[in-house]
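Heads up, the thing below is written out as structure tokens.
Residue numbering restarts at 1 for every chain, and letters A, B, ... go by the order of the sequence lines.
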2 protein chains.
Amino acid sequence: MKTIGKLAQSLNLNVETIRFYEREGLITQPTKPISGYRQYDETIAGQLRFITKAKMLGFTLKEIKSLMSMDNDCAKVELLSRQKLAIIREKISDLQRLEKVIVDMTNTCIQNDDPTYCPIIDALK
Amino acid sequence: MKTIGKLAQSLNLNVETIRFYEREGLITQPTKPISGYRQYDETIAGQLRFITKAKMLGFTLKEIKSLMSMDNDCAKVELLSRQKLAIIREKISDLQRLEKVIVDMTNTCIQNDDPTYCPIIDALK
DNA sequence: ATTGACTCTGTACTTATGTACGGAGTTTAG
DNA sequence: CTAAACTCCGTACATAAGTACAGAGTCAAT
């Protein structure tokens, strides 16, 4: 059993972040003995690692809470993952379109000798 | 000359948004006659269109303010665009990596017959 | 037993980009 | 002339995901 500071250190999280996750109902309540200091066991450490990994995959805290409550209902989990996948793919193609527009714009700059005129600014007008 | 409501309507913007941009110093101050009602000319409409387009390219309001103050210094504008481009490209490859991880995870779900176990949840633990 | 480090709760602040609202003044249509 | 519609300003609220702080209590080491 660890106090919040030790737990935070071992997981490389901020103490406030752990308390925030508790307030948000993402982790189960740790036992609190007489003193009032939270005591964390390995279960909660595991939940926090789960949250961290899911966050890296682009899930929001809200979705992660949902994922955790689905427990092991694979069909539901798969659906949520596929939805996330669709969003990620959409973001990728949005960004690729942007990329092309900006590349085109900056290329027109290169051939420009007039210091008082910018084709990018012009394109945006 | 238009009042704020007409301008907002013609640009498909919210009245509050225009005032917000004014507070943030993104557009020049409109003239205000005796009554106190702002009167907008075509110059400001143009600035607002510029902001809208630049926003679509992924520039933040802060960057847009910066872009506008560079006026036509093409070298500076090009630099900012290239920086934005680098960020967009980084985001794309981040997302592509995520995409792969999620695809792999969801694929393992398909071959799973056990309703009490989910490989995705397992992968996140 | 004291000091420093740690933790508690509750609240406020952060960033970015707006939106909404209250109460007052103005303009316009009928 | 009156009522509806519009505008003003200043402030608060919204989202997401935390971070910071104040004031009080507790624990561990010397």
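Between atom CD1 of residue I87(B) and atom CD1 of residue I92(B) there is a gap of 12.5 Å, rounded to the nearest 0.5 Å. In this structure, CG in L26(B) is found 12.5 Å from CD1 in I18(B), a value given to the nearest 0.5 Å. Once rounded to the nearest 0.5 Å, the distance linking CE of M68(A) with CD1 of I121(B) reads 8.5 Å. Between the CG atom in L98(A) and the CG atom in L85(B) there is a gap of 10.0 Å [rounded to 0.5 Å]. Expressed to the nearest 0.5 Å, how far OG1 of T106(B) lies from CG of L79(A) amounts to 11.0 Å.
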Walk along nucleotides 24-30 of chain C from 5' to 3' and tag each nucleotide B, S or - by protein heavy-atom contact under 4.0 Å, base first, then sugar-phosphate.
-BBS---
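Using a 4.5 Å heavy-atom threshold, the side chains of L80(B) and I120(A) count as separate.
Of all non-hydrogen atoms in I64(A) and I51(A), the two that sit nearest each other are CD1-O, 3.7 Å.
Using modelled atom types and a 3.5 Å distance limit, the side chains of D122(A) and Y117(A) yield a donor-acceptor pair.
Checked for salt-bridge contact, K91(B) and D94(B) miss the test: no charged N lies under 4.0 Å from a carboxylate O.
Counting non-hydrogen atoms under 4.0 angstrom, R19(A) reaches a base of the nucleic acid.
Atom CZ in F20(A) sits roughly 17 Å away from atom P in dA12(C) (whole-Å rounding). Atom CD of E24(B) is separated from atom P of dT17(C) by 9 Å (rounded to the nearest Å). Straight-line distance from the CZ atom of R23(B) to the C1' atom of dG18(C): 9 Å, rounded to whole Å. Remark: C1' of dT19(C) and OH of Y21(B) are 12 Å apart, rounded to the nearest angstrom.
E99(A) places no side-chain N or O within donor-acceptor distance of the main-chain N or O of I88(B), the cut-off being under 3.5 Å. One N or O on the side chain of K65(A) and one on the backbone of E24(A) form a donor-acceptor pair closer than 3.5 Å. Checked by atom type and distance alone, the side chain of K84(A) never pairs as donor or acceptor with a backbone atom of F59(A) at under 3.5 Å. For Q47(B) (side chain) and T28(B) (main-chain N/O), a donor-acceptor pair under 3.5 Å exists by modelled atom type. Between the side chain of K53(A) and the main chain of K125(B), a donor-acceptor pair closer than 3.5 Å is present. Within the 3.5 Å criterion, the main-chain N or O of N107(A) finds no donor-acceptor partner in the side chain of D104(A).
Among residue pairs with one or both ends in residues 5-20 of chain A, those qualifying as side chain to side chain donor-acceptor pair (under 3.5 Å) are K2(A)-S10(A); sequence neighbours excluded.
Residues from residues 39-52 of chain A that place a heavy atom under 4.0 Å from any atom of DNA chain C: there are none. A heavy atom lying under 4.0 Å from DNA chain C marks the following residues of residues 57-66 of chain B, by number: T60(B), L61(B).
Where DNA chain D meets chain A (any atom under 4.0 Å from a heavy atom), the bounding nucleotides read 5' to 3' are dA17(D) to dC27(D).
For E16(B) and T3(B), each mapped to the nucleotide of DNA chain D holding its nearest heavy atom, the one lying further toward the 5' end belongs to T3(B).
End-to-end axis angle of the helix from dA1(C)-dT30(D) to dG30(C)-dC1(D), using five pairs per end and rounding to 10°, comes to 20°.
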